[in-house]
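Because only heavy atoms are used, hydrogens play no part in the values below, and waters and symmetry mates are left out as well, while side chains stay in. All values reported here derive from a predicted model rather than from experimental measurement.
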Amino acid sequence: MTNQADTDRFEQQRQEKLAQIEAMGIDPYGSRYDDVEPAAAAKARYRDDDESQRARCAGRIVLLRDIGKLIFITLRDRTGTIQVGLSKSLLTAQWPLAKLLDIGDIIGAAGKLGKTKTGEITIWVEDGGLTFLSKCLFQPPEKFHGLADIDQRYRQRYVDLWANPEVLERFQKRSTIVAAIRRFLTARGFLEVETPMMQTIAGGAAAKPFITHHNALDLDLYLRISPELFLKRLLVGGLERVFEINRNFRNEGLSRHHNPEFTMMELYQAYGDYRAMMDLTEEIVGACIETLGLNTKVQFGDAQIDFARPWRRARYADLLQEHSGCAVDDLPALRAKARALSIDDAGMDDAVLVNEVFETTVERNLTAPTFVIDYPAVLCPLAKRSRTDPRYAERFELFVVGMELANAYTELNDPAVQYENFLHQLRGQEESLTKMDTDYVTALKYAMPPAGGLGIGIDRLVMVLTGATTIRDVILFPLLKPVTPENK
RNA sequence: GGGAGUGUAGCUCAGGAGGUAGAGCAACGCACUUUUAAUGCGUAGGUCCUGGGUUCGAAUCCCAGCACUCUCACCA
């Protein structure tokens, strides 16, 4: 698609300007530039009645209007934009440098802070106040429409971030959300920890793992699919409240809701249970909404989501009945339903089949925040069974706009039951569950306090709170097929 | 993997009932000291994704492939 000869045509012109800048004795790649004020702050403090105001900002030239002996520049930094005015009479010796500026270049601008005739707050750069900081050698995207080619936006995120300001804003919000969660949990006495990303047994979930190899030990290792079993070992160790915000890796397909590496916040709270986790989830998400300065009503595509508490809590069996018309224990009806939905049920366990029907009929309809509670116990080998009805596990999954956003259990702390569940899992299971984590069972034998555990998918939470309908819009560098010479 | 769509200038996009193509922005030149996507005049810029076929002639029609998007399937 990109014609090399043409790319060179534009780059050539900019190379020539770079050479002219060098000929002036100026380093076209700049150096340390101190005392920079954010553009937004400079604009915010401006006062009409003060002639002595000055400002010093730095950023990228995103617009440039050359009116002969006067040039107006829109300078963008991480906080926004500010106009820079370059006038021949003010700049004097630096005027030739001003005439060499291109859109995309990075400059520093210092001078009087004032207004133009039309009322735009402007830094009127004085001689010596123009600092060349870095030359952009490529033609930037179209100034009004920005970068629209979706593939190129992800591949060249470094361009996307400044060509499309809403992209930068969304990633700033992501950072704000993660910081809010850390602050909230830390204030509650949770300790942030880091557990292994490379594990000899990929436990804590059922997913296909990525495999890597440690040379010195000649040992295959798995990138973790979950930190769960390590965090619960810490409960045994007496860290009664722990959390980790980090990447999980699952070797599965890509979609609007799935990236092979994704960020999970997982926490464990001794002496809690899954109901405590529901309250905590509402509070955590509430803290994020508050920090972002949002109303509880959030727009997502065509849907409006209302996060006002409390959120709906509905039993798995009831939702199944409501959306599929089948009772959770009516297997003939569920088999029939599965066939009607063209689910391939050959060789499928009953519980797995029920869950297939659940996923196809129920999940996509859960738009408003909904805690699905009381899952069939066989689907939850790490969760404690209900004392009142052992067919069910004390587990919830939180759904919003049809997406699983969180998952929580009352944690199973009985080593004998855990051992049995592991054994049961091993029969006919996929690769992630072929090895038993016997050390985890040993840990439970040393006594793990009863506890609640919660995982929140950070990427999906950011999607919901920023209105991003694809996970790739909340991951800076999503996984893409590499560009090869053959497919270019 | 199935289905649908898209691929044209650096960027954003038109167009093309078969006769080798256009706009805006960006670039280059000229003019302009208060612009706001500055403006006006001029110039330059294209393997119309790739390969094959039909045809006197293909960017357009046909076939195959590649890439991307959406969607379905897969995914505790």
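- No N or O donor and acceptor, one from the side chain of A:E120 and one from the base of B:U35, sit under 3.5 Å apart.
- When the C1' atom of B:C75 is taken as reference, atom CD of A:E359 falls 8 Å away, rounded to whole Å.
- As the counterpart of B:U20, no nucleotide is assigned, since no Watson-Crick or G-U wobble pattern has both distances under 3.5 Å.
- Among the heavy atoms of the strands lying under 4.0 Å from A:E142 is at least one base atom, whether or not backbone atoms are also near.
- Across all strands shown, B:G45 forms no Watson-Crick or G-U wobble pair with both distances under 3.5 Å.
- Across the C1' atoms, B:G42 and B:C32 are found 16 Å apart, a figure rounded to whole Å.
- Within the 4.0 angstrom heavy-atom criterion, only backbone atoms of the sugar-phosphate kind lie near A:D151; the bases stay farther away.
- The interatomic distance linking A:K69 (NZ) with B:A38 (P) rounds to 21 Å, in whole Å.
- No donor-acceptor pair under 3.5 Å is formed between the side chain of A:E22 and the backbone N or O of A:I26.
- For the P atoms, the distance linking B:G29 with B:C13 amounts to 29 Å, nearest Å.
- Open room surrounds CZ on A:R78; 12 or fewer heavy atoms of other groups in view lie less than 6.0 Å from it.
- Considering only the side chain of A:S89, B:U33 comes nearest among B:U35, B:A73, B:U33.
- For A:M198, the CE atom is loosely surrounded, since the number of other residues' heavy atoms within 6.0 Å does not exceed 12.
- Among the atoms of the strands shown, only primed sugar atoms or phosphate atoms (P, OP1, OP2) are found under 4.0 Å from some heavy atom of A:L63.
- Phosphate proximity of B:A26 to A:K143: present, with a side-chain N or O under 4.0 Å from OP1 or OP2.
- Between B:C11, B:C75, B:U34, one nucleotide has an atom nearer to the side chain of A:E356 than all others, and that is B:C75.
- Across B:C11, B:U35, B:U33, the shortest atom-to-atom separation from the side chain of A:L70 is found for B:U33.
- For B:G40, the paired base is B:C30 (Watson-Crick or G-U wobble, both distances below 3.5 Å).
- Within the 4.0 Å cut-off from OP1 or OP2 of B:U35, not a single side-chain nitrogen or oxygen of A:R65 is found.
- In summary, A:D473 and A:R153 engage in a salt bridge, as defined by a charged side-chain N under 4.0 Å from a carboxylate O.
- Across the strands present, B:U55 finds no partner; the criterion is a Watson-Crick or G-U wobble pair with both atom distances under 3.5 angstrom.
- Residue-level contact check: A:S255 touches neither bases nor backbone, having no heavy atom under 4.0 Å from any strand.
- In this structure, A:G85 reaches neither bases nor backbone, as no heavy-atom distance under 4.0 Å exists between it and the strands shown.
- Whole-Å rounding puts the A:N421 CG to B:A76 P distance at 18 Å.
- Comparing the C1' positions of B:U35 and B:G16 gives an interatomic distance of 39 Å, to the nearest angstrom.
- At a cut-off of 3.5 Å, with distance as the only test, no side-chain donor of A:T116 or A:Q83 sits close to an acceptor on the other residue.
- Across the strands present, B:A64 finds its partner in B:U50; the criterion is a Watson-Crick or G-U wobble pair with both atom distances under 3.5 angstrom.
- Taking the centre and axis of the six-membered ring of A:Y392, the NZ or CZ atom of A:R315 falls inside the cone set by 45° and 6.0 Å.
- For the OP1/OP2 pair of B:C68 and a distance below 4.0 Å, the side-chain nitrogens and oxygens of A:K481 include at least one atom meeting the criterion.
- The same atom, P, is picked in B:G15 and in B:U6; the two are 12 Å apart, to the nearest Å.
- The side chain of A:E252 lies closest to B:C75, out of B:A27, B:C32, B:C75.
- Residue A:Q13 has its side chain nearest to B:C28 when only B:C32, B:C28, B:A76 are considered.
- A sub-4.0 Å separation between OP1 or OP2 of B:C68 and a side-chain N or O of A:R155 is present.
- With both ends at atom C1', the span from B:G2 to B:U20 equals 37 Å, rounded to whole Å.
- Across B:U60 and B:U43, the matching P atoms stand 30 Å from one another, rounded to whole Å.
- Residue A:W124 is classed as a base contact, given a heavy-atom separation below 4.0 Å to a base.
- Closest non-hydrogen pair, A:P390 versus A:A377, comes out as O-CB, 3.8 Å.
- Close to B:A76, at under 4.0 Å from its OP1 or OP2, lies no side-chain N or O of A:R395.
- Set against B:A27, B:A73, B:G45, the side chain of A:Q139 has B:A27 as its closest nucleotide.
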N/O donor to acceptor pairs below 3.5 angstrom from side-chain atoms of residues 127-136 of chain A, sequence neighbours left out:
from	atom 1	to	atom 2	distance (Å)
A:D127	OD1	A:Q94	N	3.2
A:D127	OD2	A:T92	OG1	3.1
A:K135	NZ	A:D102	OD2	2.7
A:K135	NZ	A:D105	OD1	3.3
A:K135	NZ	A:D105	OD2	2.9

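- Using a 4.0 Å heavy-atom distance criterion, A:R250 is classed as making no nucleic acid contact.
- Rounding to whole angstrom units, CD of residue A:E126 and C1' of B:U33 are separated by 16 Å.
- Within 4.0 Å of A:K17, counting heavy atoms only, lie sugar-phosphate atoms of the nucleic acid but no base atom.
- Once the 5.5 Å centre distance and the 30° plane angle are applied, the aromatic ring of A:F144 is found stacked with the base of B:A37.
- The partner of B:G1, taking Watson-Crick or G-U wobble pairs whose two distances both stay under 3.5 Å, is B:C72.
- Distance from the side chain of A:A206 is smallest to B:A76 among B:U33, B:C75, B:A76.
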